[in-house]
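In what follows, every chain begins at residue 1, and chains take the letters A, B, ... in the order their sequences are listed. Side-chain atoms are counted along with the backbone in the values below, which use heavy atoms only and exclude waters and symmetry mates.
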Protein chains: 2
Amino acid sequence: MSEDFLIEMGYAGLTGRLKRLSDAFIYQTRDFYREHESDIEPNWHMIFMLLQKNEKMTVTEIADALQLSHPAIVKLINKMKKRGYVDAEIDSQDNRKYQLMLSQKAKQKLPVLQDYWTAGEKALEELLGFNTRLLEEIQKLEDRMAEADFRTRMDKLLVNE
Amino acid sequence: MSEDFLIEMGYAGLTGRLKRLSDAFIYQTRDFYREHESDIEPNWHMIFMLLQKNEKMTVTEIADALQLSHPAIVKLINKMKKRGYVDAEIDSQDNRKYQLMLSQKAKQKLPVLQDYWTAGEKALEELLGFNTRLLEEIQKLEDRMAEADFRTRMDKLLVNE
DNA sequence: TAGATTTGCGTAACCAGTTACGTTTATTAT
DNA sequence: ATAATAAACGTAACTGGTTACGCAAATCTA
């Protein structure tokens, strides 16, 4: 008997394995930051990158770019604000919007963070065996999900309805 | 500019994409069950499969087989008990242990659930393009994580310490 | 230009996992 | 036989996402 029942389950175990992997990356990244006395959190990386590229963005724009729900972004940004990494100013054209940007503190910390992220990328390249096959297969999966998602396909394939 | 910033991020976006995918599978599976008036939940599948194979198992044995923490299993099993899908009896040899097994209700419902799971597997096969490349690449990633995990590799690869 | 609709964002409640800690029972060592 | 240690499992607090709902501001429409 295989040690790992999810592997033994074949196709049916895949979704559980994705969850396990995703969790492992999140928890280990968080531990890494804590170990290195950093008060930043795993998924801030993508916000930093976005705000380096775009200077100013609203909650909705960030949610669209990352394809997450807007409450997810609100929570993220609130924490980043509280720790002084993000500044906000009300949009001069539209009073519903806040324009978000990296704070001075964030910009000062960037070189250190950049070292962490570089280490993370290298670690990931190692874990992928220095090729992009997994990335490509993930991409195909995402593309097919965009055509017709899991739920839709399950419904269509269900026999005894 | 790509619509999806995580894709644009390359390697660095992979972990976020795994999270998104994993969440998508979980939420869509939950919706599917609800739509079909089923009171079961996404990850019960793996418990059902395990308890069909092994008849009786303890919390710790299940946690080991699925490589999840034992509190995760406790929560899962409590819900399954509450809805009458799992029965428990105290181990005759060791009073700390509960032997868990599928209830009569669970066994009766199996044929219907089996239809759902078959639809799920077929949907997954479609999404993977009827080949096992993604599965193989995931396996390699898991193997490399077992050799040395993400955190360990990041630490080793960090330059300016 | 007033009324209806849409948009942006905040909040609440939920979900599925984690770590940390505590209690009871079993096992090991002296 | 007893004391120390280990194991099983329960609970609490946290994390990072979701959906559902509400409100205020902006935009569209008649």
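- Place Asp31(B) and Arg34(A) on DNA chain D by their nearest nucleotides, and Arg34(A) ends up nearer the 5' end.
- When each of Glu61(B) and Lys75(B) is assigned the nucleotide of DNA chain D bearing its nearest heavy atom, the one mapping closer to the 5' terminus is Glu61(B).
- Looking at heavy-atom distances under 4.0 Å, Leu68(B) makes contact with sugar-phosphate atoms alone, never a base.
- Atom pair Gln28(B):CD and dG17(D):C1' shows a separation of 14 Å (rounding to whole Å applied).
- In this structure, CD1 of Ile26(B) is placed 19 Å from P of dT15(D), rounded to the nearest angstrom.
- With sequence neighbours excluded, no residue forms a salt bridge (charged side-chain N to carboxylate O under 4.0 Å, His left out) with Arg34(B).
- Residues Thr152(B) and Asp149(B) have side chains that bring a donor and an acceptor to within less than 3.5 angstrom of each other.
- Taking atom CD1 of residue Ile77(A) and atom P of nucleotide dG17(D), one finds them 12 Å apart after rounding to whole Å.
- The salt bridge (charged side-chain N to carboxylate O under 4.0 Å, His left out) test applied to Arg20(B) returns Glu142(A), Asp4(B), not counting sequence neighbours.
- Taking the charged nitrogens against the carboxylate oxygens, Arg96(B) and Asp94(B) do have a contact shorter than 4.0 Å, which makes a salt bridge.
- Across all strands, Thr60(A) comes closer than 4.0 Å only to sugar-phosphate atoms, never to a base (heavy-atom distances).
- From the 5' end on, the contacts that DNA chain C makes with chain B at under 4.0 Å to a non-hydrogen atom open and close at dC15(C) to dA26(C).
- Between dA8(D) and Asn95(B), no contact under 4.0 Å exists linking OP1 or OP2 to a side-chain N or O.
- Phe25(B) places its CZ atom 17 Å from the C1' atom of dT18(D), with the value rounded to the nearest Å.
- Here the side chains of Phe25(A) and Lys19(B) are not in contact, with every heavy-atom distance at 4.5 Å or above.
- Annotation: ring-ring contact (aromatic ring centres under 6.0 Å, His included) contacts of Tyr98(B) (sequence neighbours excluded): none.
- An OP1 or OP2 oxygen of dA8(D) is reached within less than 4.0 angstrom by no side-chain nitrogen or oxygen of Thr58(B).
- Between the C1' atom of dT15(D) and the CG atom of Leu76(A) lies a distance of 11 Å, rounded to the nearest Å.
- Residue Arg20(B) is out of contact with every strand shown, counting any heavy-atom pair closer than 4.0 Å.
- Here dA7(D) presents its C1' atom at 13 Å from CG of Asp91(B), a figure rounded to the nearest Å.
- When the nearest nucleotides of DNA chain C are assigned to Asp23(A) and Gln93(B) by heavy-atom distance, the more 5′-ward of the two goes with Asp23(A).
- Applying the side chain to side chain donor-acceptor pair (under 3.5 Å) test to Lys109(B) and every residue at least two apart in sequence or in another chain returns Tyr85(B).
- When the salt bridge (charged side-chain N to carboxylate O under 4.0 Å, His left out) test is applied to Arg83(A), the partners found at least two apart in sequence or on another chain are Glu41(A).
- dT18(D) atom C1' lies 16 Å from atom CG of Leu66(A), rounded to whole Å.
- The ring-ring contact (aromatic ring centres under 6.0 Å, His included) test applied to Trp117(A) returns His45(A), Phe48(A), not counting sequence neighbours.
- Within the structure, side-chain hydrogen bond (donor to acceptor under 3.5 Å, both in side chains) contacts touching residues 120-135 of chain B (residues at least two apart or in different chains) are Glu137(A)-Arg133(B), Arg153(A)-Glu126(B), Thr132(B)-Glu136(B).
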At a cut-off of 3.5 Å, list every protein nitrogen or oxygen paired with a nitrogen or oxygen from nucleotides 20-24 of chain D, distance to 0.1 Å.
none

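- Asp94(B) has its CG atom 12 Å from the P atom of dA7(D), to the nearest Å.
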